[in-house]
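Please read the structure below before turning to the comments.
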Amino acid sequence: MAGDAAGRAPESVDQGWRVLRRLAGRHAGFFTTRQVLRTGCEAKVRAGLGDGSVTRAGVGMLRLTEWPDGPLDEYAMWAAWFDGAAAVSHHSAAELHGMGRLRPRFLHLSVGAGRPPVTPRLVVLRRPLIGSDVESAGAFLVTTPVRTVLDLAEADIGQTALNEVVGDAVAINRCAGAEIRSASVRLPPRAAARVHRALTGL
């Protein structure tokens, strides 16, 4: 695609800018250079960088400065990177749901499509995103509490840590023990047994 919007009709540029703003609005103002190219908004974004209405948020990432900073901006930014085809999952989802005390050092994402960025900050797991396994957290998706428990049962966290995650999920009404038990039948035998032990301890 051409590197500039020169030669485009003004209404085409304006329409592209509206599309880009709509895309950014889904993810707390974040958007990617790929989206800029797709919408033909190179000149608009350059002007925004000049007047301060657009800021660089990282390699290949930009943000509309009208959006206020928030504590979950990093999640929104990576959701924008993957065009929404990603959900916060595993340890990071447990932290967001207030389940357990895993204190993840990395941000865990389950990704349905897209090229992962080069960063040591992310742990990316490629898998299809099933609608019933994710829920909206506003500017990004997160795995449901039940899906998060199942994921962690298959992960490398210890049984004590899993017990805490399950105990918190039930205690703070993120989900019911019966929901977890029913969903765990989909798990491999070892992971299902880990969930059963966690539920037995409640």
Legend entry - Fellow cluster residues of Leu125, listed by chain then number, with links counted only when side-chain atoms sit under 4.5 Å apart: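 Hydrophobic cluster check, Leu125: no partners found.
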Inset, instruction - Supply the members, apart from Val19, of the Ile/Leu/Val/Met/Phe/Trp/Tyr cluster built from side-chain contacts under 4.5 Å; use none for a lone residue. - result: Leu23
Any idea which heavy atoms bring [X] and [Y] closest together, and the distance?
X: Ala86; Y: Leu141; result: O-CB, 3.7 Å
X: Ala198; Y: Gln159; result: N-NE2, 3.7 Å
X: Gln35; Y: Thr39; result: O-OG1, 2.8 Å
X: Ala87; Y: Val134; result: CB-CG1, 3.8 Å
X: Ala137; Y: Val142; result: CB-CG1, 4.2 Å
X: Asp168; Y: Gly100; result: OD2-N, 2.7 Å

Inset, instruction - Answer yes or no for Arg34 and Trp81: cation-pi contact, defined as NZ/CZ to six-membered ring centre under 6.0 Å and angle to ring axis within 45°. - result: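 Here Arg34 passes the 6.0 Å and 45° test against Trp81.
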Taking side chain as C-beta onward, heavy atoms only, is [X] less than 4.5 Å from [Y]?
X: Ile157; Y: Glu164; answer: no
X: Arg194; Y: Val166; answer: no
X: Leu152; Y: Leu102; answer: yes
X: Met99; Y: Pro145; answer: yes
X: Met61; Y: Pro117; answer: no
X: Val45; Y: Phe31; answer: yes
X: Pro188; Y: Glu154; answer: yes
X: Phe140; Y: Leu96; answer: yes

Got a second to check how far [X]'s [atom1] is from [Y]'s [atom2], nearest 0.5 Å?
X: Leu129; Y: Ser89; atom1: CG; atom2: OG; result: 8.5 Å
X: Gln15; Y: Cys41; atom1: CD; atom2: SG; result: 10.0 Å
X: Leu49; Y: Arg56; atom1: CG; atom2: CZ; result: 5.0 Å
X: Leu20; Y: Thr32; atom1: CG; atom2: OG1; result: 8.0 Å
X: Thr33; Y: Leu37; atom1: OG1; atom2: CG; result: 6.0 Å
X: Trp78; Y: Leu109; atom1: CH2; atom2: CG; result: 9.0 Å

Legend entry - Crowding at CZ, Arg105 (>12 non-hydrogen neighbours, <6.0 Å): no
Any salt bridge between [X] and [Y], counting N to O under 4.0 Å?
X: Glu95; Y: Arg103; answer: no
X: Glu179; Y: Arg174; answer: no
X: Arg63; Y: Asp69; answer: yes

Inset, instruction - Quick one: do Leu62 and Val36 satisfy side chain to side chain contact (heavy atoms under 4.5 Å, CB included)? Show the steps, please. - result: CA-CA 10 Å; Leu62 303 116; Val36 173; 4.2 Å; yes
Inset, instruction - Test side chain to side chain contact (heavy atoms under 4.5 Å, CB included) on Val170 and Ile180 and set out the steps. - result: CA-CA 9 Å; Val170 174; Ile180 298 172; 4.3 Å; yes
So, [X] side chain and [Y] main chain: donor-acceptor pair closer than 3.5 Å or not?
X: Ser182; Y: Ala178; result: no
X: Asp73; Y: Gly70; result: yes
X: Asp83; Y: Ala85; result: no

Legend entry - hydrophobic_cluster_shared for Met77 and Phe106, side chain cutoff 4.5 Å: no
Legend entry - Worked check of side chain to side chain contact (heavy atoms under 4.5 Å, CB included) between Val149 and Val165: CA-CA 7 Å; Val149 168; Val165 168; 4.1 Å; yes
Inset, instruction - Please test His90 against Ser110 for side chain to side chain contact (heavy atoms under 4.5 Å, CB included), starting from the C-alpha separation and ending with a verdict. - result: CA-CA 8 Å; His90 294 77; Ser110 289; 4.0 Å; yes
Legend entry - Pairs involving residues 137-151, ordered by first then second residue, that meet side-chain hydrogen bond (donor to acceptor under 3.5 Å, both in side chains) (sequence neighbours left out): Arg127-Asp151, Thr143-Thr148, Arg147-Asp151
